[in-house]
Amino acid sequence: ASAVVAAHPLGKIRVPVGNNTVSDLQLSGQCLDGQGLGAVLKAGAGATTTIRLGYVNNPSQWARRSIRDLVIDGNAKAANGATYADAASSHISGRWKFDGVVFKDCEKGIHKPAGNIGNSYDACNFTANSFGVYAVGQTSPLMHAGCDTYTNTEFSLNTIAGAYYDSPQI
């Protein structure tokens with residue numbers, strides 16, 4: 001999977017139906033297009049997160065990348081689902097649009113350890129995670145936890161919280 005991502009720095013990668021095992025898969029300029037809810041990205045053994053979301057200032061930092069029509073499975077809560085974690089500056093990890101994505105069995109379905117703003121979630125489902133969304137801001141460099149949009153999205157059976165946002169510095 002990493003070789004496919006590297007070969008398509010600004011392209012769309014199709015995720016086929018089936019259990020596709022990935023570990024800490026770094027995305028920056030790529031979009032993921034699943035082939036429906038049978039297309040599963042499942043965290044491999046030892047993974048801390050299924051996918052890492054990064055940032056490419058091409059054509060602009062507000063150009064949204066998309067992830068759609070697939071399932072992100074944290075492998076019995078052993079890993080997070082999608083972590084906003086750009087290698088150079090984790091507080092600026094791009095703008096992402098999730099559409100028709102199921103986050104299941106993750107420790108944190110969405111994990112924003114250093115904040116990140118301007119993301120959207122449409123027709124998504126966060127189910128059977130510890131946290132559906134876990135987002136915290138940071139003071140240096142300054143970034144608040146959220147300003148995300150949720151539309152037609154369901155949170156169910158998350159054991160600690162459906163969504164947790166904390167920005168104490170603002």
Side-chain angles (χ1 to χ4, degrees), residues 5 10-20 22 25 27-43 49-56 59-77 79-86 90-137 143-167 170:
V5 169
L10 294 175
K12 183 180 286 189
I13 300 165
R14 297 205 184 276
V15 179
V17 170
N19 282 321
N20 301 281
V22 296
L25 178 64
L27 299 176
S28 293
Q30 305 85 357
C31 297
L32 292 181
D33 191 4
Q35 301 301 295
L37 297 180
V40 178
L41 291 177
K42 186 168 186 170
T49 192
T50 308
I51 56 177
R52 290 186 182 282
L53 305 176
Y55 163 76
V56 172
S60 86
Q61 69 171 310
W62 281 94
R64 292 182 191 269
R65 307 316 191 231
S66 65
I67 297 175
R68 56 180 292 148
D69 298 328
L70 54 81
V71 174
I72 296 176
D73 184 332
N75 197 356
K77 299 183 183 177
N80 296 318
T83 299
Y84 288 80
D86 185 75
S90 62
H91 70 294
I92 301 175
S93 293
R95 308 295 175 254
W96 294 88
K97 177 181 183 183
F98 291 84
D99 185 10
V101 176
V102 175
F103 298 86
K104 67 177 228 126
D105 296 325
C106 302
E107 177 59 26
K108 298 167 182 152
I110 291 290
H111 184 210
K112 297 196 311 181
N116 189 269
I117 62 172
N119 306 291
S120 65
Y121 306 86
D122 186 35
C124 292
N125 178 261
F126 294 85
T127 188
N129 306 294
S130 293
F131 292 88
V133 176
Y134 184 92
V136 294
M143 178 59 72
H144 59 83
C147 195
D148 294 332
T149 304
Y150 297 87
T151 309
N152 303 318
T153 292
E154 183 206 20
F155 296 85
S156 63
L157 305 173
N158 297 290
T159 56
I160 299 174
Y164 174 84
Y165 281 82
D166 186 14
S167 288
I170 295 180

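Using a 4.5 Å heavy-atom threshold, the side chains of Thr127 and Asn158 count as separate. Val133 places a side-chain heavy atom less than 4.5 Å from the side chain of Phe155. When side chains are defined from C-beta on, Leu27 counts as touching Trp96, because their heavy atoms get closer than 4.5 Å. With contacts defined as side-chain heavy-atom distances shorter than 4.5 Å, the pair Leu41/Val15 qualifies. Asn119 places a side-chain heavy atom less than 4.5 Å from the side chain of Lys112. Contact annotation: the side chain of Lys104 approaches that of Val71 to within less than 4.5 Å [non-hydrogen atoms, C-beta and beyond]. Looking at Val102 and Asp73, their side chains never come closer than 4.5 Å, going by heavy atoms from C-beta outward.
Under 3.5 Å, the side chains of Asp148 and Tyr165 contain a donor-acceptor pair of N or O atoms. Using modelled atom types and a 3.5 Å distance limit, the side chains of Ser120 and Thr149 yield no donor-acceptor pair.
The distance from atom CG of Asp33 to atom NZ of Lys12, rounded to the nearest 0.5 Å, is 4.5 Å. Note that OG1 of Thr50 and CG of Asn20 are 11.5 Å apart. Values are rounded to the nearest 0.5 Å. Interatomic distance, Lys108 NZ to Asn129 CG, rounded to the nearest 0.5 Å: 11.5 Å. Residue Leu32 holds its CG atom at 5.5 Å from CD1 of Ile13, rounded to the nearest 0.5 Å. Here the OH-SG distance, from Tyr134 to Cys106, works out to 15.5 Å after rounding to the nearest 0.5 Å. Atom NE2 of His111 is separated from atom CG of Asn116 by 12.0 Å, given to the nearest 0.5 angstrom.
For the pair Arg95 and Trp62, the cation sits on the ring face: its NZ or CZ lies under 6.0 Å from the ring centre, inside 45° of the axis.
Listed for the Asn19 side chain is no donor-acceptor partner under 3.5 Å among the backbone atoms of Val40. The backbone N or O of Ala145 lies less than 3.5 Å from a partner atom in the side chain of Ser167, making a donor-acceptor pair. Distance alone, capped at 3.5 Å, places no donor-acceptor pair between the Ser66 side chain and the Cys31 backbone. Under a 3.5 Å cut-off, the side chain of Asp166 and the backbone N or O of Val136 do not form any donor-acceptor pair.
Nearest heavy atoms, Gln35 versus Pro16: CG-CA, 4.0 Å. Counting all heavy atoms, side chain and backbone alike, Arg65 lies closest to Gln30 at CB-O, 3.9 Å. In terms of heavy-atom proximity, Ala128 sits nearest to Lys77 at O-CE, 3.2 Å. For the pair Thr83 and Asn80, the tightest heavy-atom approach, listed with the atom from each and the gap, is OG1-CB, 3.7 Å. For Ala39 against Gly34, the heavy-atom pair with the smallest separation is CB-CA, 4.2 Å.
Aromatic ring centres of Phe103 and Phe98: separated by under 6.0 Å.
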Could you go step by step and tell me if Phe126 and Leu157 meet the side chain to side chain contact (heavy atoms under 4.5 Å, CB included) rule?
-> CA-CA 8 Å; Phe126 294 85; Leu157 305 173; over 6 Å; no
Audit row: Val101, Ile72, side chain to side chain contact (heavy atoms under 4.5 Å, CB included) steps and yes/no = CA-CA 7 Å; Val101 176; Ile72 296 176; 4.0 Å; yes
Glu154 and Asn125: CA distance, side-chain angles, deciding distance, side-chain hydrogen bond (donor to acceptor under 3.5 Å, both in side chains) verdict | CA-CA 5 Å; Glu154 183 206 20; Asn125 178 261; 2.4 Å; yes
Go through Ile67 and Leu53 one step at a time and tell me if the side chain to side chain contact (heavy atoms under 4.5 Å, CB included) criterion holds.
-> CA-CA 10 Å; Ile67 297 175; Leu53 305 176; 3.9 Å; yes
